[in-house]
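Accompanying notes for the structure given below.
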Amino acid sequence: MHDLKALRADPAAFDAALARRGVAGASAGVLQADNDLRGVQTALQADLARRNEASKAIGAAKAARDDAAAASLMAEVATLKERIPAQEAAGRAAECALQDLLSALPNLPADDVPDGADEHGNVEIKRWGNPQSGGLEHDALAARLGWNAESATKIAGARFMVLEGPLARLHRALGQHMLNMQVAAGYRETVVPLLVRADALFGTGQLPKFAEDLFRTSDDRWLIPTAEVSLTNLVREQILDGESLPLRLTALTPCFRSEAGAAGKDTRGLVRQHQFEKVELVSIVTPDTAAQEHERMTACAEAVLESLDLPYRRMLLCAGDMGFAARKTYDLEVWLPGAGTWREISSCSDCGDFQARRMDARFRVKGEKGTQFVHTLNGSGLAVGRAMVAVLENYQNPDGSVTIPIPLLPYMGGTTRLELTL
RNA sequence: GGAGUCGUGGGUGAGUGGCUGAAACCAGCAGUUUGCUAAACUGCCGUACUGGGUAACCGGUACCGAGGGUUCGAAUCCCUCCGACUCCGCCA
């Protein structure tokens, strides 16, 4: 959510920033709605003031047993009451109109975010490791190592997976390894709801605009598309002690995405599923530390890739490719030798005070007056399914077996290689 | 699933029709006192819109979970919804 005062103070700057995200001339409508609202309020308040004044006088007149004066005042109030309800309704409508406009506008990009309309505008700013090439793609490998695609389709339909035996264990090992690393890096391990209220999704920015990307339950809850929703909303409607910041949280959870609009895209493998696991990182910080926290968080995600010796590159997303709530985002892309491409495996975003305003999450500093909004950051550290894809392709042997990366061996119960099942 | 209770400011918690934007206490802020800390004392201490003022500030309106109703007038009475809690039953 945006700061209306800032928008009023400099609508041109607001428009220029949003134009970089492909949203043109947003301020005019908002200012108009804001103006409408205030106009209605002012007119209404004048009538209400007179009504209150007259009501007090009625009480006084009745106490003085002046029935004539009371009757005439009551007649005046009656005429006021004829138009007050309409004004109140207009005020509520104006309020709604303003909120609808405001809540649908994405965050403003940070100054150091490059221009660009889509992923072609992203800028590579770091590369790590030695990308190899050749070998099979992950789906061909997985099909012979324990991926039961037929059963998944029968049970749940397309874009779900069933993994069996050592391959299932590798998946678990990856999640455990990542979560352990992030806890060691200072993130507090957390277990959170997978089903949440609409308010929580509004807070992080998925609602009201992106309802079609989500699954919804019959009792009107929603499945989280990422643990960012649950973790970030942990501080909603709170005033935190500044001393308690930064707050660093992590959780390993399933994530659910309807993948509306992704029809036909990545349908073959395990890369784009309705359900997948992810280790999420969330930081709640003071405004002055947000930028350095963003670097720290991204480094924590990179550390996982480095621990598994998976080559990757860090991309700074351009203004047009960022998510709704982000003001600056780094994507990490892992190298897939079989597919011969870079594939997104983590996304780390600084959301500034955008989510904090929507959640009403503030902090107070000892010795200072008033409260400020916290800044929120979130990142994947990492997506488990895609990490498994990367391990399969990067650790495959000529015979189609896959060597288990050394850091995962403690979780594998003695298995050192995934062997072909047929 | 059955029965019941409750929703007030940063927190606890008074308030059951006008004198309540809302007692009191705690927390916070600014002072005074004090050798330091602590303690004590005094004042301040919600948000939005709006009128006046360079400003400190002084007025008006709204907000006591949300919406609707009754009334000249509602935190207070009525209805609907949302949320939380308690007991019983059931259950991993």
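To find a chain, count down the sequence lines: A is the first, B the second, and so on, and within it residues start at 1.
- In this entry the distance linking CD of A:Q99 with P of B:A66 reads 15 Å, nearest Å.
- We find that CZ of A:F363 is positioned 17 Å from P of B:G10, with the value rounded to whole Å.
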Report all interatomic pairs (protein N or O, nucleotide N or O of nucleotides 17-22 of chain B) with separations under 3.5 Å.
unit_1	atom_1	unit_2	atom_2	d
B:G18	N2	A:S55	O	3.1

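- No donor-acceptor contact under 3.5 angstrom links the side chains of A:N180 and A:Q176, judged on distance only.
- Listed by chain and residue number, nothing satisfies the salt bridge (Lys or Arg N to Asp or Glu O under 4.0 Å) test with A:D241 (two or more places apart in sequence, or in another chain).
- By the ring pair (Phe, Tyr, Trp, His ring centres under 6.0 Å) test, A:H294 is found to be paired with A:Y330, residues two or more places apart in sequence or in another chain being considered.
- Atom P of B:G10 sits at a distance of 24 Å from the matching atom of B:C6, rounded to the whole Å.
- Evaluation of the ring-ring contact (aromatic ring centres under 6.0 Å, His included) test over residues 14-54 of chain A, restricted to residues two or more places apart or in two chains, returns A:H2-A:F14.
- Base-pair partner of B:U20: not found among the strands shown (Watson-Crick or G-U wobble, both distances under 3.5 Å).
- Under the 3.5 Å distance criterion, with hydrogens and angles disregarded, a donor-acceptor pair is assigned to the side chains of A:S307 and A:H177.
- At a cut-off of 3.5 Å, with distance as the only test, a side-chain donor of A:S27 or A:D15 sits close to an acceptor on the other residue.
- In this structure, A:I84 atom CD1 and B:G68 atom C1' are separated by 16 Å, rounded to whole Å.
- Identified under the salt bridge (Lys or Arg N to Asp or Glu O under 4.0 Å) test for residues 38-48 of chain A, with sequence neighbours left out: A:D34-A:R38, A:D47-A:R83.
- Under the Watson-Crick or G-U wobble criterion, with both distances below 3.5 Å, B:C25 is paired with B:G11.
- Nucleotide B:U5 forms a pair with B:A84, judged by Watson-Crick or G-U wobble geometry with both contacts under 3.5 Å.
- Within the structure, every side-chain polar atom (N or O) of A:K81 is placed at least 4.0 Å from both OP1 and OP2 of B:U71.
- With a cut-off of 3.5 Å on both pairing distances, B:U70 has no Watson-Crick or G-U wobble partner at all.
- Across the C1' atoms, B:U8 and B:U20 are found 12 Å apart, a figure rounded to whole Å.
- In this structure, the separation between SG on A:C351 and NZ on A:K328 is 13.0 Å, given to the nearest 0.5 Å.
- B:U16 and B:U71: their C1' atoms are spaced 16 Å apart (whole Å).
- For the C1' atoms, the distance linking B:U32 with B:U86 amounts to 49 Å, nearest Å.
- Taking atom C1' on both nucleotides, B:G43 is separated from B:G51 by 28 Å, rounded to a whole Å.
- Rounded to an integer number of Å, the gap from A:D34 CG to B:C49 C1' is 10 Å.
- Comparing the same atom, P, in B:U61 and in B:C19 gives a spacing of 12 Å after rounding to whole Å.
- Annotation: B:U34 and B:A40 have their C1' atoms spaced 10 Å apart (nearest Å).
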Within the sub-3.5 Å range, which N or O atoms of nucleotides 90-92 of chain B have a protein N or O partner, and how far apart are they?
none

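- Protein atom CD of A:E95 is 13 Å distant from nucleotide atom C1' of B:U47, rounded to whole Å.
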Contacts table for residues 161-173 of chain A: side-chain donor-acceptor under 3.5 angstrom, sequence neighbours left out:
unit_1	atom_1	unit_2	atom_2	d
A:E164	OE2	A:N148	ND2	2.9
A:R169	NE	A:Y411	O	2.9
A:R169	NH2	A:Y411	O	3.3

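- A distance of about 15 Å separates the P atoms of B:G28 and B:G11, rounded to the whole Å.
- If A:L4 and A:I239 are placed on RNA chain B by their nearest nucleotide, the residue sitting closer to the 5' end is A:I239.
- The cationic group of A:R358 lies under 6.0 Å from the six-membered ring centre of A:F202 and within 45° of the ring axis, placing it in a cation-pi geometry.
- Residues passing the side chain to side chain contact (heavy atoms under 4.5 Å, CB included) test with A:D118, sequence neighbours excluded: A:H120.
- Between A:R314 and A:D331 no salt bridge is recorded (no basic side-chain N to carboxylate O distance below 4.0 Å).
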Please write out each protein N/O paired with an N/O of nucleotides 75-77 of chain B under 3.5 Å, distance rounded to 0.1 Å.
none

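- Using Watson-Crick or G-U wobble geometry with both donor-acceptor distances under 3.5 Å, B:C41 finds its partner in B:G31.
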Exercise answer: donor-acceptor pairs, residues 224-234 of chain A side-chain atoms, under 3.5 Å, sequence neighbours excluded:
unit_1	atom_1	unit_2	atom_2	d
A:T226	OG1	A:E228	N	3.0
A:T226	OG1	A:K278	NZ	2.8
A:E228	OE2	A:Q355	NE2	2.8
A:E228	OE2	A:N378	ND2	3.3
A:S230	OG	A:P193	O	2.7
A:T232	OG1	A:E228	O	2.7
A:N233	OD1	A:R236	NH1	2.7
A:N233	ND2	A:A200	O	2.8
A:N233	ND2	A:V229	O	2.8

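- Going from atom CZ of A:R362 over to atom C1' of B:G46 covers 9 Å, rounded to whole Å.
- In this entry B:C64 has no Watson-Crick or G-U wobble partner, no candidate having both defining distances under 3.5 Å.
- Residues passing the ring pair (Phe, Tyr, Trp, His ring centres under 6.0 Å) test with A:Y312, sequence neighbours excluded: A:W128.
- B:U47 atom P lies 12 Å from atom CG of A:D360, rounded to whole Å.
- Straight-line distance from the CG atom of A:D220 to the C1' atom of B:G83: 14 Å, rounded to whole Å.
- Here B:A56 sits opposite no nucleotide as a Watson-Crick or G-U wobble pair (both hydrogen-bonding atom distances under 3.5 Å).
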One character per nucleotide, please: for nucleotides 50-63 of chain B, 5' to 3', B when the base has a protein heavy atom closer than 4.0 Å, S when only the sugar-phosphate does, - otherwise. S---------BBS-
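- A salt bridge between A:D266 and A:R343 is present, with a side-chain N of the basic residue lying under 4.0 Å from a carboxylate O of the acidic one.
- A donor-acceptor contact closer than 3.5 angstrom links the side chains of A:S401 and A:R417.
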